[in-house]
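Comments concern the structure below.
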Amino acid sequence: MSYLFPLANGTELGVVSAGTNITIANGVVSSTGGGGSTVGTWVPTIAVATAGTITLTVNSANYAKMGQQVICYFDVTVATRTGGANPNTLTMNGLPFTSIAGVVVAGSLVVTIFQNLNDSQSYITGTVIGSSTSVPLYTIHNATDNTRLTYADVQVTPAPTRLVGTINYISAS
C-alpha cells in the first residue's frame, strides 16, 4: 500500500493506492494478505501460581486483530476455586496470539467491571510481557499499594467474582 502526500484538501486525509493484497471497492479499503484484520473468540483462563485451580464461566470473550495490534474483550465469572493457598498470585492465560518478542511490555489489561472480590480493590490491571499468551494480574488494595491479585481475592460464594475488561497488545505476527 502506498500513501500519496501532500494531503489533497481539508476533507481528505490522503490517498491510498491499491497494491498487493489491497482492494478498494465502494470507498472501502480491504487487505487480504498479511497484516489484514481478523475477529474471533478466545478462551480466557486463570492460572494460580504454585498450586490451586480456578475455573471460569466465560460469558463472552472476543478479539479483533488488525495487523499486529490485538484487542481482546472478556467477561468471565469464577465458577470454582479449589486447592490454592491465599497468597498464590493469578495470571490470565489464553490470549489468542503470542505477543511480540524482544520487549518487556507488549501490552496491558484493564478490568472495567469487577464484582465480588474478597478485599477492597480500587482497580485490577495487568501487563502483557513479550513472547507470551498470558497476563499477570495486579490490584490496588484499599488504594495503598500495587500488588499481584491473589487466590484469596477471588470467590465463588456467597457470590462469584466477575471480571470484565480489555487487553491490548502487539502480537508476534
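Note that the numbering runs from 1 along the sequence shown for the chain.
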> L109 and V128: side chain to side chain contact (heavy atoms under 4.5 Å, CB included), yes or no, with the steps?
Replying inline: CA-CA 7 Å; L109 170 147; V128 180; 5.8 Å; no
>> Working to the nearest 0.5 angstrom, can you tell me the gap between I124 CD1 and T139 OG1?
In response: 5.0 Å
>> Under 3.5 Å, is there a donor on one side chain and an acceptor on the other for T80 and T55?
In response: yes
> What distance do N88 atom CG and D153 atom CG have between them, rounded to the nearest 0.5 Å?
Replying inline: 11.5 Å
>> Are the side chains of V48 and T53 in contact, using a 4.5 Å heavy-atom criterion?
In response: no
> Would you say T150 and N86 make side-chain contact, with heavy atoms under 4.5 Å?
Replying inline: no
>> Could you check whether any side-chain heavy atom of T38 comes within less than 4.5 Å of a side-chain heavy atom of F97, counting everything from C-beta outward?
In response: yes
> L163 versus V76: any side-chain heavy-atom pair under 4.5 Å?
Replying inline: yes
> Could you state the interatomic distance from CH2 (W42) to CG (N62), rounded to the nearest 0.5 Å?
Replying inline: 10.0 Å
> Quick one: OG on S171 to CE on M66, what's the gap to the nearest 0.5 Å?
Replying inline: 10.0 Å
> Any side-chain heavy atom of Q115 within less than 4.5 Å of one from V164?
Replying inline: no
>> With a 4.5 Å cut-off on side-chain heavy atoms, are M92 and L137 touching?
In response: yes
> Hey, does T161 have a side-chain heavy atom less than 4.5 Å from the side chain of F114?
Replying inline: no
> Checking side-chain contact (heavy atoms from CB on, under 4.5 Å) against V135, which of L95, L90, T127 comes through?
Replying inline: L95
> Roughly how far apart are I113 CD1 and D75 CG, rounded to 0.5 Å?
Replying inline: 7.0 Å
> Taking side chain as C-beta onward, heavy atoms only, is I170 less than 4.5 Å from Q69?
Replying inline: yes
> Is S132 reaching over with its side chain to a backbone N or O of S99, donor-acceptor style, under 3.5 angstrom?
Replying inline: no
